Amino acid sequence: MSRQSVVPPVADRLRRLPPYLFVQIDAMKDRLVKQGRDVIDMGVGDPDEPTPNFVIQAMERALRDRQNHQYPSNRGLQVFRVAIADWYRKRFQVRLDPDSEILPLIGSKEGIAHSPLAYVNPGDRVLIPDPCYPPYRTGTILAGGKPVPVPLLAQNGFLPDLEALRRKAHGAKLFFLNYPNNPTAAVANLGFYRELVRFAQKAGVPICHDAAYSELTYDRFRHPSFLQVPGAKEVGIEFHSLSKTFNMTGWRIGWACGNRQMISALAKVKSNIDSGVFQAIQLAGIRALQDNGSHLKRMLRIYQTRRDLIVDALRRSGWPVTPPKATFYLWAPIPKNRRSSEVASEFLQQEALVATPGVGFGDHGEGYVRFSLSVPTPRVREAARRIRRLALWPHPSSR
Ligand SMILES: *Cc1c(COP(=O)(O)O)cnc(C)c1O
């Protein structure tokens, strides 16, 4: 008698998720590490520097308080929501009601992936940028929705062409956007956000704007919030996170803010799935938000040094790149006749250097590879040497 598995095949929603495109690169990387090769991983975007001491100290104090050991409130601590409102007012001159317009999240990825559950019925369309941070697409699919890719093209500064989008947008339930952008490192300005608010009003599509990298900007550039535009709160929400600004990716804390109906719908979804953010982490988060800016200043100097090292190495070896104004990514074009997965494999084989193939972020990511600057500076220097040995582009002097 053959033994049959009692475990059924996985649900359709899991099968509909796109295949994980980095399996090959991951496997190749593991093989090289086992062989003892000195691999530099510029694939993942995860700050290498530690969480600042003042945040850890606030966490230590909060851990000792037994009141923080019980279930947190689903809506989050009022003091944390007030700290977020204060930060938005000081940083962006945006006023938010801590009680109805702010919702703490277990990392912004959690809120992003759960948002479609609040608004998307099976078969509904959701506009997602292409290329994009994967949870916009996968969250839509898990809710039974249909992701509609919105191309981000170099010729438009990797901003969506809202004019061209008008017809496609009709009936869509949500529109995800993200500036400063992962993976392209593109930025937006208030003019664009004004158009976006007008677009949302006319097309009747609410906006989910992801601002995880708003603080990681260079050359004195300051990135605006989508909520700065009058009327933005009527058409959407903004996701934010302490992960990238304060090197807190492992802590899992972020928030959504803006439109109160959308906040309340997301809170309803979440109250049925999770039980909120550990209160000690929220209290440490308050301390992070109250920082005078010296931590961030130091981090930006570090990332800028790394950015300049890699941009210089890429340019010297013929890559047509300009220094990005924000994020810790470099979105580097590859020659027209090459595929990003093949180029990434080559880098790994030849120089033990991991870069992410652009196609992993969507069809319009083909033609690029992404380098992440979240590796220690001495390793970035070594990566720069390795990049200069790669002969992907014709050498500038030979053109
Ligand atoms: C890293 C990142 C986030 C932050 O995720 P958390 O869940 O808050 O750690 C959000 N959006 C984008 C585009 C990111 O790259």
Side-chain angles (χ1 to χ4, degrees), residues 22 42-51 55 76 80 84 87 102-116 126-140 142 147 150 152 158-160 174-188 207-217 223 225-226 236-258 266 270 273-274 276-278 281-282 284-285 288-289 299 303 324 326-331 356 358 360-362 365 368 370-375:
F22 309 128
M42 299 183 92
V44 281
D46 186 354
D48 56 302
E49 285 285 309
T51 304
V55 178
F80 180 48
I84 293 168
W87 185 79
I102 297 174
L103 180 67
L105 301 169
I106 310 171
S108 56
K109 180 180 184 179
E110 177 264 304
I112 288 165
H114 282 143
S115 288
V126 172
L127 305 176
I128 60 154
D130 181 358
C132 77
Y133 177 59
Y136 314 142
R137 180 182 284 111
T138 54
T140 298
L142 290 174
V150 176
L152 304 185
F158 299 107
L159 294 166
L174 295 172
F175 185 2
F176 280 101
L177 287 114
N178 156 229
Y179 294 97
N181 186 259
N182 173 13
T184 69
V187 296
I207 304 298
C208 290
H209 184 257
D210 177 357
Y213 296 92
S214 72
E215 305 314 291
L216 300 190
T217 57
H223 202 282
S225 158
F226 153 72
I237 54 176
E238 186 156 83
F239 290 96
H240 227 297
S241 172
L242 297 178
S243 286
K244 309 293 160 58
T245 313
F246 293 100
N247 304 337
M248 290 173 72
T249 47
W251 295 55
R252 313 312 303 135
I253 185 161
W255 66 87
C257 57
L266 180 55
K270 279 172 54 58
I273 294 175
D274 63 64
V277 182
F278 183 21
I281 296 180
Q282 296 184 60
L289 288 171
M299 285 314 302
Y303 290 135
T327 76
F328 45 54
Y329 302 113
L330 288 174
W331 186 241
T356 309
F361 300 102
Y368 295 85
R370 191 193 72 177
F371 295 95
S372 169
L373 302 170
S374 59
V375 291

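In each ligand, atom 1 is the first atom listed, and ligand 1 is the first ligand listed. Note that the structure is predicted; figures quoted are calculated from it, not measured.
- A donor-acceptor pair under 3.5 Å links the side-chain atoms of Arg370 to the main chain of Gly43, judged by distance alone.
- The side-chain heavy atoms of Ile253 and Pro104, taken from C-beta on, include no pair separated by under 4.5 Å.
- Expressed to the nearest 0.5 Å, how far CG of Leu216 lies from CG of Asn182 amounts to 11.5 Å.
- The distance from the CD1 atom of Ile237 to the CG atom of Leu103 is 8.5 Å, given to the nearest 0.5 Å.
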Can you pull every nitrogen or oxygen pair between ligand 1 and the protein closer than 3.5 angstrom?
from, atom 1, to, atom 2, distance (Å)
ligand 1, 5 (O), Ser108, OG, 3.4
ligand 1, 7 (O), Ser108, N, 3.2
ligand 1, 7 (O), Lys109, N, 2.9
ligand 1, 7 (O), Arg252, NH2, 2.6
ligand 1, 8 (O), Ser108, N, 2.8
ligand 1, 8 (O), Ser108, OG, 2.8
ligand 1, 8 (O), Ser241, OG, 2.6
ligand 1, 8 (O), Ser243, OG, 3.4
ligand 1, 9 (O), Ser243, OG, 2.6
ligand 1, 9 (O), Arg252, NH1, 2.9
ligand 1, 11 (N), Asp210, OD1, 3.4
ligand 1, 11 (N), Asp210, OD2, 2.6
ligand 1, 15 (O), Asn182, ND2, 2.8
ligand 1, 15 (O), Tyr213, OH, 2.7
ligand 1, 15 (O), Lys244, NZ, 3.2

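- Note: Ile128 CD1 to Phe175 CZ = 10.5 Å, rounded to the nearest 0.5 Å.
- Ring centroids of Tyr213 and Phe328 are separated by less than 6.0 Å, placing the two rings close together.
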